[in-house]
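To find a chain, count down the sequence lines: A is the first, B the second, and so on, and within it residues start at 1. It should be emphasised that the depicted structure is a prediction, and the values quoted were computed from it without experimental measurement. Because only heavy atoms are used, hydrogens play no part in the values below, and waters and symmetry mates are left out as well, while side chains stay in.
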Amino acid sequence: MDGSNASTGDAPPAVSLRLTTLTKRSDFLRASRAKRVAMPGFIVQMRVRPEGEAEGIRVGFTCSKKVGNAVARNRAKRRLREIARLVLSEAGRDGADYVLIGRQGATATLPFDQMLADLRRALAVLHGPRK
RNA sequence: GCGGAAGGCUGGAUGACCGCGGUCGCCGGGGCAACCCGAAGGUCGAGGAAAGUCCGGACUCCAGGAAGAUACGGUGCCGGGUAACACCCGGGCGGGGCAACCCGACGGACAGCGCCACAGAAAUGAAACCGCCGGUCGCGAAAGGUCGGGCAACCGAAACCACGCGGCAGGUAAGGGUGAAACGGUGGGGUAAGAGCCCACCGCGCCGCUGGCAACAGGGGCGGCACGGCAAGCCCCACCGGGAGCAAUGCCAAAUAGGGACCGCGCGCGCCGCCGCAAGGCGGGGCAGGGCCGCUUCUGCCCCAGCAGGUCCGGGUUGGCAGCUACAGCCGCGCAGGCAACUGCGCGGUCAGAGGAAUGGUCAUCGAUGGGGGCAACCCCGGGACAGAAUCCGGCUUACAGGCCUUCCGCGCGU
RNA sequence: GCGGGUAUGGUGAAAAGGUAUCACGAAAGCUUCCCAAGCUUCAGUUGAGGGUUCGAUUCCCUCUACCCGCU
């Protein structure tokens with residue numbers, strides 16, 4: 001943590017902890033059977049993958065038609081993506097899949113600071129019981 | 001000034017930090033491979049409806065091609081515009097409004113079939129029914145006329161007139177509480193009663209004429225009227241249309257299979273070349289025949305002695321690339337033609353291309369406008385409608401806070 | 001995204017353009033000592049809005065909701 005390290009060492013950790021996005025339906029289905037925590041603005045699901053399935057932290061976003069029309073769904077997903085980018089890259093656990101689910105109304109309207117805090121508390125709950 | 005009509009434009013602004021997708025990227029890296037990824041920096045990054053998917057195309061694949069017939073579907077006043085349209089422009093006709101202007105699926109009901117409930121005499125060939133009218137026959141007779149008697153009041157007779165009832169044979173379509181709709185309407189004449197029976201006006205139909213490319217309009221003559229509505233019921237007429245859709249489709253890589261079953265047709269004639277002594281063999285093309293559009297015609301291709309045609313069945317990978325965005329372009333300006341839609345020419349500009357799908361997060365300043373307080377200056381609070389590209393264009397339809405501009409109409413006031 | 005379809009009492013279905021019908025169920029009543037069965041009654045904006053027609057569940061447009069197929 002001296003000066004020489006700080007000048008070059010900003011980017012590499014961010015790259016190694018890069019978030020990849022879930023794309024396959026089967027991944028979502030597996031995550032939906034794992035642990036979940038509900039918060040006012042969203043629901044988080046977390047599944048710890050077996051060894052060798054994939055690398056790094058993976059995250060998926062879901063907003064059903066219940067959230068609203070296309071504008072409302074897109075806005076909810078963007079906010080979820082933003083809090084995931086800010087929180088999971090520092091507090092996420094390697095080797096886990098996270099799925100964030102948008103909720104009607106709240107996901108788009110809650111203050112952004114509260115959303116960040118809620119995600120940290122949700123991660124604490126999910127990570128906590130495990131030793 | 002108030003109220004209204006038509007058309008067009010706009011659809012929060014600026015900045016800072018942190019992010020996302022495309023593209024250009026010295027160079028570096030990943031994958032068996034096709035291919036892909038990446039740092040700094042540059043650059044681009046939602047809409048007028050991106051929506052609904054209601055029409056029309058482009059493009060791709062499928063079906064041998066073309067034309068026609070049939071079937072099915074669509075369009076429907078006329079003319080023009082366009083790649084095309086159910087769109088747009090202009091015109092006609094009908095309806096609404098004092099007007100500006102707006103609205104209209106607006107061909108045909110003497111080609112045919114069908115339907116018109118209830119009510120009503122009757123629902124479309126028209127006639128029947130009630131009623132009205134005179135004739136005739138029968139019956140009646142209190143009162144009137146008539147006849148007889150009587151000065152008169154009155155009495156009597158008869159059934160000729162008028163009257164009432166009924167029968168018969170006729171004349172009528174004026175009227176008939178309905179109904180959405182009733183074989184024209186109003187007025188006058190006429191008649192036994194009536195009727196386009198006759199006349200005037202209106203309506204309707206037919207035939208010329210004039211204007212117009214046409215839809216249609218104007219005016220003239222004739223017909224006395226025969227012609228109900230529904231075609232967003234079948235239908236007729238004119239015109240148009242093959243089917244499926246970018247999750248279409250093409251290419252590449254790896255892996256597996258390197259297939260199976262069935263159907264259909266057929267082994268006829270003759271020609272040319274080569275090899276051969278010959279028998280014959282090989283190759284080519286021809287006729288007949290057969291196969292390939294559901295039908296017909298024309299035409300083409302294939303088979304012609306076996307290999308071609310058709311149908312069905314089966315396994316694996318969900319990998320990569322293309323299609324993918326710039327030209328029937330679009331936008332701005334100018335000129336020309338046109339009433340206009342639009343067209344032609346010139347100059348300039350170039351406009352998102354993802355693939356579980358980018359265009360975001362936070363903050364600051366301003367801000368159309370709204371609410372509250374205050375005499376006011378001002379202060380506080382909230383703060384932008386509908387809505388997110390997915391192959392691309394041209395339209396239509398639906399949703400939409402507010403703001404700006406232009407033109408026009410009516411009323412009031414002033415000059 | 002592209003392409004199809006459906007909507008009628010609570011549920012499932014009918015209905016030549018002319019009074020919206022049937023079955024099950026719910027509720028109320030009659031019957032019974034009580035229950036069951038039976039009988040009677042009740043409840044529809046025909047998804048919404050326009051149009052055609054004298055009249056629309058039906059015919060024609062526009063919208064809404066739901067369902068299905070295609071990688």
Should B:C396 form a Watson-Crick or G-U wobble pair with both distances under 3.5 Å, which nucleotide is its partner?
B:G52

Could you check which nucleotide pairs with C:G38 in any of the strands shown, counting Watson-Crick or G-U wobble with both distances under 3.5 Å?
C:C30

Assigned partner base of B:U249, Watson-Crick or wobble definition, under 3.5 Å
B:A322

Between atom CD1 in A:Ile83 and atom P in B:C20, what is the gap in whole Å?
17 Å

In Watson-Crick or G-U wobble terms, both distances under 3.5 Å, what is the partner of C:C2?
C:G69

Distance, rounded to the nearest Å, where A:Arg81 contributes CZ and B:G361 contributes P
11 Å

Counting only Watson-Crick or G-U wobble pairs whose two distances fall under 3.5 Å, which nucleotide matches B:C262?
B:G310

Looking at A:Glu82 and A:Arg79, is there a salt bridge between them, counting it only when a charged N and a carboxylate O are closer than 4.0 Å?
no

P spacing across the pair B:A248 / B:G356, given as an integer number of angstrom
16 Å

Based on the glycosidic angle (syn within 90° of 0, else anti), state the conformation of B:G276.
anti

Under a 3.5 Å cut-off for both contacts, is C:U46 paired Watson-Crick or G-U wobble with anything, and if yes, with which nucleotide?
none

Reference residue A:Ile83; test side chain to side chain contact (heavy atoms under 4.5 Å, CB included); the match among A:Leu88, A:Leu119, A:Asp118
A:Leu119

Calculate the interatomic distance between A:Phe61 atom CZ and B:G19 atom P; express it in whole Å.
16 Å

Rounding to a whole Å, what distance do you find between A:Leu80:CG and B:C20:C1'?
15 Å

Syn/anti label of B:G208 as read from its glycosidic torsion, with the cut at 90° from 0
syn

Anti/syn call for B:A46, syn if |chi| within 90°
syn

Check nucleotides 362-364 of chain B for protein N or O atoms closer than 3.5 Å to its own N or O atoms and list the pairs.
{"from": "B:U362", "atom 1": "OP1", "to": "A:Arg79", "atom 2": "NH2", "distance (Å)": "3.0"}

By side chain to side chain contact (heavy atoms under 4.5 Å, CB included) - contacts of A:Ala38 (at least two apart):
A:Ile43, A:Arg103

If you assign A:Glu82 and A:Leu86 each to the RNA chain B nucleotide with the nearest heavy atom, which residue ends up on the more 5' nucleotide?
A:Leu86

Let me know the distance between NZ of A:Lys77 and P of B:A354, rounded to the nearest Å.
18 Å

Can you tell me the Watson-Crick or wobble partner of B:C282, both distances under 3.5 angstrom?
B:G273

Taken to the nearest whole Å, CZ/A:Arg78 to C1'/B:A358 is 8 Å

Spacing of A:Asp97 atom CG relative to B:G356 atom C1', expressed in whole Å:
14 Å

Should B:G76 form a Watson-Crick or G-U wobble pair with both distances under 3.5 Å, which nucleotide is its partner?
B:C237

Determine, stepwise, if the pair A:Leu100 / A:Thr62 fulfils side-chain contact (heavy atoms from CB on, under 4.5 Å).
CA-CA 6 Å; A:Leu100 276 72; A:Thr62 295; over 6 Å; no

Would you call C:U52 syn or anti, using the 90° rule around 0?
anti

Which of the following nucleotides, B:A387, B:G360, B:A46, is nearest to the side chain of A:Val71?
B:A387

Quick one: does A:Leu86's side chain get under 4.5 Å of A:Phe112's, heavy atoms only?
yes

For the pair made of CG in A:Leu119 and C1' in B:G361, what is the distance, rounded to whole Å?
15 Å

With clusters defined by side-chain heavy atoms of hydrophobic residues (ILVMFWY) lying less than 4.5 Å apart, directly or transitively, does A:Phe61 cluster with A:Val71?
no

For residues A:Met46 and A:Ala96, report the shortest heavy-atom separation together with the two atoms involved.
CG-CB, 4.3 Å

Is the glycosidic angle of B:G125 within 90° of 0, making it syn, or outside that range, making it anti?
syn

For A:Arg93, is there any backbone N or O sitting under 3.5 Å from a side-chain donor or acceptor partner on A:Tyr98?
yes

Considering only B:A46, B:A357, B:G19, which nucleotide approaches the side chain of A:Asn74 most closely?
B:A46

